[in-house]
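Below is one structure, written out as structure tokens; the observations come after it.
Counting starts at 1 for both ligands and their atoms, in listed order.
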Amino acid sequence: MLKPSDEKLPPSWEEERDRIIGLGERSFKKSYYPELRDNLSRLERFRTLLDFSGEMILLVELPAGRVIDANAAAFEMLGISQATLLGMEITALGIRDAAPLLTTLNADSSATTPTLHHLETQIHGQDGGRTPLDLSYRVAVVDGTPFGILLGRDAGARIASEAQLRLAARVISRSGEGIMIADAGGLIIEVNTAFEKITGYTREEALGRNPNFLASGRQDAEFYRLMWHTLNESNFWQGEIWNRRKNGEVFPEWLSLSAIRDDADKITHYVGTFSDVTEARAREARIQHMAHHDFLTGLPNRFLLMDRFSQVAASAQRNDTRFALLFMDLDRFKNVNDTLGHTVGDQLLCDVARRLSQAVRTTDTISRQGGDEFIVLLGEIESPEAAAQVARKLTQVLSEPCQLGGHQITVTPSIGIAVSPEDGSDLDSLLKHADLAMYDAKQQGRNNYQFFRREMNARSLEMLLMESDLRLALRKGEFELHYQPQVAIGSRQPVGVEALLRWRHPERGLVSPVDFIPMAEETGLIVPIGQWVLETACQQAAKWRAGDWPEMKVAVNLSAAQFRQQELIVLTRQALAAAALPPQALELEVTESILMSDAEGTSTTLNELSAMGITLAIDDFGTGYSSLAYLKRFPVDTLKVDRSIVRNIGTDEEDAAICSAIIGLAHSLHLEVVAEGVETQAQYDWLAAAGCHYVQGYFTGRPEPAAACLSSFQAAEAP
Ligand code: C2E
Ligand code: MG
Ligand code: MG
């Protein structure tokens, strides 16, 4: 059948076949055997097909398991050249599990219908690399002879994508966010564990349902319509929605919805992820509360007050009604802090806050402005009298003493009232006016309330300016001390001086302490100012004593606020030490009112000062309570008869009687006695006759700066 196509001696057709197959030659055009050429050409077409396949194809001879044919993918995947591969046993190709595979093939070779087997295995390459392999194999019988056919595919991609799927599944199931997946019809097909945890529904209960079974009813149909519309239009929607847990509890969740589309842009799934934001909402609410409330008392702070104020003011304007602002300051609250400590002070403030809150209507606002200042906003009042009524009520609820840390404390308020629209309509001016009125209440002896009056404005403005001026003055060193001699009545010799504070104001000139000390006391500035006085006076006295005046003493005035501060002893000791002044050269002047105020603490402090060697004088004696009992209780050394009594000794019998009584008292208690404000020879003589020890007044020397004071003393001594 096979005939050479021309005369030239042809090779045998076997030779021709082997030549073509062996060399892998693809051209048959020159073949001598047309039939062979046709057959080979058909074979070649299959060959091309096989080689084109990305899958490895091996044809194996049975039972030996030798490779008798393989496609290009096989050479490549196995990493073995064609020449080597053909004839190799499959157990030698590096395919794991090739031996049992061959056994199976051989077992199958006699079966009537061979089975297709699948195996997930690996190729162990020559270079040590491993390629995952999906292998299918079966027996094929050709002309009664069984062969093994192996089809292998690189499983890398499959394994990777499976791993990815597994990962995705794990991420979904472990996610802290609730996740639900719904089909195109909106029915749930999958939920994760967090979904179950947040909603309280199990997966089984949720599957197949429309997610609206979670709806709380807090959002209306229009809300959902918009949500679906946005989702279908832009494939995404997110927002906060309120849902209902299985246990009925309604909770806020932050929900993101995505529509998933296929290649044809048709929606196939919806994915919803959500987190329970109950905690976050609560935290936000707490922060909100903190931002608007006073940390200590929980009362509204200034921000919230401003907010409420604008509401009240707007409604008052609309309805043409009145409202009022009360400015309240606790009297002597600083005392509580200083003597009992801040913890008790804080507790007291909380207690006050609680009482005040209970005393007003819910429509009123009580706010703490820091410290011991409270502002009460009364929304809508009939008349100013209504505000006064509230002020009285607040005073009354505070009058009950409170028990704190073993102490019984009573606080009293000073309240200023400003009424809108009369006293202003904006918060700032009402606050300012109520503050001025409060200041007036303090001046009136505390524990009372005052309405704002127009004339308060000017005076109080001056006060305000004064306060900031005082602060500046201390920093700029505008204070100075003048010294007034105290003279021994018999010898007419000065024995010491009293240090008197002056303020050299850049515009107002020399300002008297009478004009600024009350303000300095009110603001607490007296403490640093007083400290400056003490230090300066000690230094000056030390200078004099080191110079021409070795025995002199200096008297320094102490205000109540200084006396209350706990560090008084320490600061005094420091001032003495810094100046190297012996304590015996220092006299401290205190007023009767200080002695009367807080007997326990006072006697401790006075005893300590006295024990140091410092002498104590009672200033302005005869004007105050003049309860003589304390003269025995406290370590007093000197009485200073007030100048209002001395002034009248020549003209007013009663004052003369008081003056001699004081001198007599001093003698019998073995105290020194100084007469203040002696201006005339007659007064001097009267006092000398009455047995007074010392005088201090214009008659013997005015208060003067240190240098002038010394020269006048030297002049007096000269003759
Ligand atoms: P004080 O302690 O009773 O001081 C005596 C006041 O009488 C001084 O007024 C003094 O200038 C004045 N004076 C003295 N001799 C005469 C006189 O013959 N006739 C008249 N009319 N007055 C006389 P000054 O300096 O204005 O002080 C007034 C008050 O200010 C003092 O009264 C004292 O309570 C207070 N003060 C002064 N310096 C200080 C200070 O450094 N600290 C404190 N806390 N208070 C001070
Ligand atoms: Mg004095
Ligand atoms: Mg005095």
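Phe327 has its ring centre no less than 6.0 Å from the ring centre of Tyr449.
When atom types are taken as modelled, the side chain of Arg471 and the backbone of Leu474 share no donor-acceptor pair closer than 3.5 angstrom. In terms of modelled atom types and a separation under 3.5 Å, the side chain of Asn607 and the main chain of Ser603 share a donor-acceptor contact.
The number of heavy-atom neighbours closer than 6.0 Å to CD of Gln403, taken from other residues, nucleotides and ligands shown, is above 12. Other residues, nucleotides and ligands place no more than 12 heavy atoms under 6.0 Å from the CD atom of Glu654.
Contacts between Asp619 and ligand 1 below 4.0 angstrom, taking non-hydrogen atoms only, involve the side chain exclusively. Residue Ser512 touches ligand 1 through its side chain alone, judged by heavy-atom distances below 4.0 Å. Contacts of His482 with ligand 1, taken as heavy-atom pairs under 4.0 Å, are absent altogether. By the criterion of a heavy-atom distance under 4.0 Å, both the backbone and the side chain of Leu500 are placed next to ligand 1. Under 4.0 angstrom from ligand 1, there are no non-hydrogen atoms of Asp642. By the criterion of a heavy-atom distance under 4.0 Å, the side chain of Glu676, and not its backbone, is placed next to ligand 1.
Looking at Asn557, Val678, Asp620, it is Asn557 that brings a heavy atom closest to atom 42 (N) of ligand 1. Among Tyr698, Phe479, Phe563, the residue whose heavy atom lies nearest to atom 22 (N) of ligand 1 is Tyr698. One option in Gln484, Arg502, Gln683 has a heavy atom closer to atom 25 (O) of ligand 1 than any other, and that option is Arg502. Residue Glu679 holds the heavy atom nearest to atom 19 (N) of ligand 1 of all those in Gln696, Lys640, Glu679, Arg647. If you check each of Ile517, Thr700, Asp515 against atom 46 (C) of ligand 1, the one with the closest non-hydrogen atom is Ile517.
Applying the salt bridge (Lys or Arg N to Asp or Glu O under 4.0 Å) test to Lys334 and every residue at least two apart in sequence or in another chain returns Asp338. Checked against salt bridge (Lys or Arg N to Asp or Glu O under 4.0 Å), Asp372 has no partners two or more places apart in sequence or in another chain.
As for Glu589, its N/O/S atom nearest the Mg ion (ligand 2) is the one called OE1. Closest to the Mg ion (ligand 2) among the N, O or S atoms of Glu498 is OE2. The nearest N/O/S atom of Asp619 to the Mg ion (ligand 2) is OD2.
Side-chain contact between Phe621 and Leu631 is present, with at least one heavy-atom pair separated by less than 4.5 Å.
Near Pro703, meaning under 4.0 Å from one of its heavy atoms, ligand 1 places the atoms 11 (O). Atom numbering of ligand 1 starts at 1 in the shown order; those under 4.0 Å from a heavy atom of Glu589 are 2 (O). Ligand-side atoms of ligand 1 in range of Val514: 26 (O), 28 (C), range being under 4.0 angstrom from any heavy atom.
The shortest separation from a heavy atom of Glu498 to ligand 1 is under 4.0 Å, placing the residue in contact.
Inspection of the Ser414 and Asp331 side chains reveals an N or O donor paired with an N or O acceptor under 3.5 Å. Between the side chains of Gln484 and His482, no donor-acceptor pair is found at a separation under 3.5 Å.
The two residues Pro413 and Leu398 make their nearest non-hydrogen contact at CG-CD1, 3.9 Å.
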